[in-house]
Q: 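Got a structure for you, questions after.
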Amino acid sequence: MSKIKVELPDQVDSDIQRLVEQGEFLNRDQAVEDLLSRGISAYNTTTEESETTMDDDMFGQTAAEQQDPALRDDDEFGF
C-alpha cells in the first residue's frame, strides 16, 4: 500500500476527526482511505448506466444529484 503526505484545510481535518469520533470509521486512516475512494469513484462515470437520459432515472437520484432540466444543453425540445 502506498503512503502519501497531504495537507488538509483545518475544516476538512476537523470533519474527518468528527466522523471518527462519531463512529463512522474505526480510525483516521480508514476514514481518509474511504473518503478518497468515494471521491475518486464519483468521477468514474464511463459506465453504460451513466449514459441514460436524465428523465430515465430522475426519481432514483438524490436531490444533490439531480440537475434542473432547464439547464440542459441538449436540443431535444428545440424551438
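Positions are given from 1 along the sequence.
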Q: Following the transitive rule for hydrophobic clusters with a side-chain heavy-atom cut-off under 4.5 Å over Ile, Leu, Val, Met, Phe, Trp and Tyr, establish whether Phe25 and Val6 coincide in one cluster.
A: yes
Q: Could you pull out all donor-acceptor pairs under 3.5 Å where a side-chain atom in residues 29-36 meets a protein atom, sequence neighbours excluded?
A:
{"unit_1": "Gln30", "atom_1": "OE1", "unit_2": "Leu26", "atom_2": "N", "d": "2.5"}
{"unit_1": "Asp34", "atom_1": "OD2", "unit_2": "Arg38", "atom_2": "NE", "d": "2.9"}
{"unit_1": "Asp34", "atom_1": "OD2", "unit_2": "Arg38", "atom_2": "NH2", "d": "3.1"}

Q: What are the two closest non-hydrogen atoms of Arg28 and Ile16, and how far apart are they?
A: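 What the structure gives for the nearest pair is NH1-CG2, 3.8 Å.
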Q: Checking Asp15 now: which residues fulfil side-chain contact (heavy atoms from CB on, under 4.5 Å) with it, not counting sequence neighbours?
A: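 Result, side-chain contact (heavy atoms from CB on, under 4.5 Å) vs Asp15: Gln11, Arg18.
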Q: With a sphere of 6.0 Å drawn around CG of Asn27, does it hold more than 12 non-hydrogen atoms of other residues, nucleotides or ligands?
A: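 Yes.
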